[in-house]
Amino acid sequence: MKLYIYILIFAFSYSAQSKELDCDNALTTIEINVCAGRTLDIAETELKTYIATAEQKYASEKNVIEALQKSQFAWINYRKSHCYAIYEKWSRGTIRGVMFSSCMLQLTKERTHTIWSDYLKYMDATPPLLPEPK
């Protein structure tokens, strides 16, 4: 787990120094990891927006909000644990960082869609509060 933290710190500091990095043409392992981290940041921001919108929708229903927050906490722990297992699976290669980020991204996108489907989409023809996440 410590190695993972060091990789993230290194990637973050590299990212801060290279704002102009062209992720469409990333070539090195470091560049690919930085770009994967950027993509994950965007997905996590989108997830937070969907959760905040769900919390606004159900603001008058305290039990719904508490249950959503509890499930989100459990999901965060699951995502971290599962993706760390993927990181360990690939621990003998430089691809481990990208595999970890890809796992985090996939689960984040799935969670965003679940929040949209379960909390922001209506059963009838009423338009959802936010567009369906991709």
Side-chain angles (χ1 to χ4, degrees):
M1 185 70 158
K2 289 181 182 180
L3 179 61
Y4 156 70
I5 292 169
Y6 293 128
I7 288 172
L8 286 182
I9 290 170
F10 179 75
F12 179 75
S13 64
Y14 183 85
S15 177
Q17 297 171 5
S18 61
K19 298 265 187 218
E20 70 282 347
L21 178 61
D22 178 8
C23 289
D24 291 332
N25 295 305
L27 298 175
T28 69
T29 301
I30 294 171
E31 290 173 343
I32 293 167
N33 284 331
V34 168
C35 292
R38 287 180 183 174
T39 303
L40 178 58
D41 287 345
I42 292 167
E44 287 178 337
T45 298
E46 182 179 43
L47 174 58
K48 288 175 186 175
T49 299
Y50 279 67
I51 290 173
T53 303
E55 289 175 342
Q56 288 172 354
K57 178 181 177 186
Y58 292 98
S60 64
E61 299 181 50
K62 184 180 176 185
N63 290 342
V64 173
I65 299 297
E66 288 176 2
L68 173 58
Q69 290 171 346
K70 184 177 178 181
S71 73
Q72 185 62 16
F73 180 76
W75 176 82
I76 287 170
N77 286 326
Y78 163 75
R79 179 182 70 159
K80 181 172 51 173
S81 177
H82 177 73
C83 293
Y84 182 69
I86 297 300
Y87 178 85
E88 283 301 316
K89 175 184 168 190
W90 292 98
S91 66
R92 294 182 182 248
T94 58
I95 195 171
R96 66 186 174 264
V98 171
M99 297 307 288
F100 177 84
S101 293
S102 295
C103 176
M104 296 279 284
L105 179 62
Q106 177 185 348
L107 293 179
T108 301
K109 286 183 171 192
E110 289 172 6
R111 178 67 174 170
T112 303
H113 197 275
T114 298
I115 296 297
W116 174 81
S117 180
D118 292 345
Y119 294 92
L120 304 177
K121 185 176 130 186
Y122 294 94
M123 298 290 285
D124 60 15
T126 304
L129 295 177
L130 291 174
E132 182 174 5
K134 297 182 177 31

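None of these values were measured; they are calculated from a predicted model.
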Fill in: Least distance between heavy atoms, Met99 atom then Ile86 atom
O-CG2, 3.9 Å
Worksheet item: Are Leu68 and Leu130 co-members of a hydrophobic cluster defined by side-chain heavy atoms under 4.5 Å apart?
Response: yes
Item to complete: State, to 0.1 Å, how close Leu107 and Cys83 come at their nearest heavy-atom pair, and which atoms those are.
Response: CD1-SG, 3.8 Å
Worksheet item: What's the shortest heavy-atom distance between Ser91 and Arg96, and which atoms?
Response: O-NH1, 3.5 Å
Fill in: side chain to side chain contact (heavy atoms under 4.5 Å, CB included) between Thr49 and Glu46, worked out
CA-CA 5 Å; Thr49 299; Glu46 182 179 43; 5.5 Å; no
Worksheet item: According to a 4.5 Å side-chain heavy-atom criterion applied to Ile, Leu, Val, Met, Phe, Trp and Tyr, with indirect links allowed, do Ile51 and Tyr119 form part of one hydrophobic cluster?
Response: yes
Fill in: Exercise: identify the closest heavy-atom pair between Arg111 and Ser71
NH2-OG, 3.1 Å
Item to complete: Begin with the C-alpha distance, continue with both residues' side-chain angles, and end with the deciding distance and a verdict on side chain to side chain contact (heavy atoms under 4.5 Å, CB included) for Ser101 and Met104.
Response: CA-CA 5 Å; Ser101 293; Met104 296 279 284; 5.5 Å; no
Worksheet entry | Any donor-acceptor pair under 3.5 Å from Trp116 side chain to Tyr50 backbone | no
Item to complete: Identify the two heavy atoms, one from Lys134 and one from Lys109, that lie closest to each other, and give their separation to 0.1 Å.
Response: O-CD, 4.0 Å
Worksheet item: Linking I/L/V/M/F/W/Y whenever their side-chain heavy atoms sit closer than 4.5 Å, directly or via other members, would Ile95 and Leu105 fall into one cluster?
Response: no
Discussion item. Parallel, tilted or perpendicular, judged at 30° and 60°: which one describes the rings of Tyr87 and Tyr84?
Written reply: parallel
Worksheet entry | Trace of the side chain to side chain contact (heavy atoms under 4.5 Å, CB included) decision for Glu55 with Gln69 | CA-CA 9 Å; Glu55 289 175 342; Gln69 290 171 346; 3.2 Å; yes
Discussion item. Leu129 vs Tyr122, test: side chain to side chain contact (heavy atoms under 4.5 Å, CB included). Steps then yes/no.
Written reply: CA-CA 9 Å; Leu129 295 177; Tyr122 294 94; 3.6 Å; yes
Fill in: Value rounded to 0.5 Å, distance of CZ in Phe100 from NZ in Lys89
15.0 Å
Just distance, no hydrogens or angles: give the donor-acceptor pairs under 3.5 Å from side chains in residues 58-65, sequence neighbours left out.
none

Fill in: Greater than 12 external heavy atoms within 6.0 Å of Lys48's NZ
no
Practice prompt. May I ask you to check whether over 12 heavy atoms, not counting those of Trp75, lie within 6.0 Å of atom CH2?
Written response: yes
Discussion item. I'd like to know if Leu47 and Leu40 are part of one continuous hydrophobic network [Ile/Leu/Val/Met/Phe/Trp/Tyr, side-chain heavy atoms within less than 4.5 Å].
Written reply: no
Worksheet item: How long is the gap from CZ on Arg79 to OG1 on Thr108, to the nearest 0.5 Å?
Response: 4.0 Å
Practice prompt. Answer whether the closest heavy-atom distance between the side chains of Thr53 and Ile115 falls below 4.5 Å.
Written response: no
Item to complete: Using a 4.5 Å cut-off on heavy atoms from C-beta on, say whether the side chain of Glu110 contacts that of Gln106.
Response: yes
Worksheet entry | hydrophobic_cluster_shared for Leu21 and Val98, side chain cutoff 4.5 Å | no
Worksheet item: How many angstroms lie between SG in Cys103 and CH2 in Trp90, if you round to the nearest 0.5 Å?
Response: 12.5 Å
Worksheet entry | Whether Ser81 side chain and Tyr78 backbone form a donor-acceptor pair below 3.5 Å | no
